[in-house]
Amino acid sequence: MIGVVLLAHEQPRRTAQLARHLALQGCCVVIHVDARVTDAQVRHLKGLVAQAPNVLFSPRLRCEWCTFSLVRASLECLRLMLERFPEVQHVCQLSGSCLPIKPIADLQAHL
């Protein structure tokens with residue numbers, strides 16, 4: 001099973017679209033939302049993915065570009081991923097504003 005870590009700091013609708021897309025294809029998803037994002041935006045994002053299977057949110061940290069804070073956020077997501085989804089064998093990390101250009105099935109076949 002593939003796990004996906006999503007680091008998000010903007011575009012809650014795009015992040016939700018991506019998380020739902022991945023989850024519906026069988027991926028486990030852990031989202032980190034930068035602590036600078038407003039609580040209202042986070043509630044909105046959580047509402048958009050509420051029905052998606054296997055989507056979790058990691059503790060929020062304030063992240064700065066090119067600092068260890070991004071690594072720390074990634075590690076927190078990985079810790080939660082492996083704790084809650086022990087069946088995950090591979091993990092990829094995406095930005096919340098990304099959208100894969102190939103099907104998840106192709107990635108699974110490759111791995």
Side-chain angles (χ1 to χ4, degrees):
M1 179 172 287
I2 295 176
V4 179
V5 168
L6 288 180
L7 299 182
H9 62 275
E10 59 184 17
Q11 300 184 9
R13 285 188 185 135
R14 171 64 70 185
T15 301
Q17 178 188 25
L18 177 57
R20 285 191 312 263
H21 171 78
L22 294 166
L24 291 174
Q25 292 190 59
C27 295
C28 297
V29 180
V30 177
I31 303 172
H32 173 268
V33 181
D34 192 295
R36 291 176 290 181
V37 174
T38 67
D39 290 341
Q41 288 176 302
V42 174
R43 281 192 303 276
H44 179 64
L45 172 57
K46 287 182 176 183
L48 292 172
V49 299
Q51 301 302 315
N54 296 333
V55 176
L56 302 175
F57 286 82
S58 72
R60 296 174 61 200
L61 305 168
R62 183 181 176 96
C63 294
E64 299 292 335
W65 182 247
C66 295
T67 67
F68 188 77
S69 58
L70 288 169
V71 175
R72 186 172 167 216
S74 300
L75 290 173
E76 285 296 317
C77 287
L78 287 170
R79 180 193 58 73
L80 183 59
M81 173 85 58
L82 297 175
E83 179 182 292
R84 297 287 298 276
F85 304 118
E87 66 276 14
V88 168
Q89 297 173 335
H90 298 89
V91 178
C92 66
Q93 182 170 312
L94 299 173
S95 164
S97 58
C98 292
L99 194 56
I101 59 172
K102 295 219 176 209
I104 294 301
D106 288 357
L107 177 59
Q108 288 172 327
H110 174 74
L111 295 173

Counting C-beta onward and ignoring hydrogens, is there a side-chain heavy-atom pair between [X] and [Y] closer than 4.5 Å?
X   : Y   : result
S58 : V30 : yes
M81 : R84 : no
D39 : R60 : yes
L24 : P53 : yes

Can you name the nearest heavy-atom pair linking L6 to S95, along with the distance?
CD2-O, 4.0 Å
Non-hydrogen atoms of A19 and I31 that approach each other most closely:
CB-CD1, 3.9 Å
Spell out, yes or no, whether [X] and [Y] are grouped together once hydrophobic residues are joined by side-chain heavy atoms under 4.5 Å, including indirect joins.
X   : Y    : value
L18 : L107 : yes
V91 : I2   : no
L7  : L22  : no
V71 : L78  : yes
L94 : I104 : yes

Using residues 40-51 as the side-chain source, report each donor-acceptor pair under 3.5 Å to any protein atom, sequence neighbours left out, with the distance given to one decimal.
from	atom 1	to	atom 2	distance (Å)
Q41	OE1	T38	N	3.3
Q41	OE1	T38	OG1	3.2

Salt bridge (Lys or Arg N to Asp or Glu O under 4.0 Å) filter on E64, not counting sequence neighbours, yields R36, R62
Between N54 and A23 (side chain of the first, backbone of the second, donor and acceptor by atom type, cut-off under 3.5 Å), is there such a pair?
no
Can any side-chain N or O of H32 pair as donor or acceptor with the backbone N or O of C77 at less than 3.5 Å?
no
To the nearest 0.5 Å, what is the distance between [atom1] on [X] and [atom2] on [Y]?
X   : Y   : atom1 : atom2 : value
T15 : H9  : OG1   : NE2   : 9.0 Å
L70 : L75 : CG    : CG    : 11.0 Å
L61 : E76 : CG    : CD    : 6.0 Å

With side chain to side chain contact (heavy atoms under 4.5 Å, CB included) as the test, would you mind laying out the steps for Q93 and S74 before giving the verdict?
CA-CA 8 Å; Q93 182 170 312; S74 300; 3.0 Å; yes
Quick check on R79: does its CZ atom have over 12 non-hydrogen neighbours (other residues, nucleotides or ligands) under 6.0 Å away?
yes
Residues in side chain to side chain donor-acceptor pair (under 3.5 Å) with H21, at least two apart?
Q25
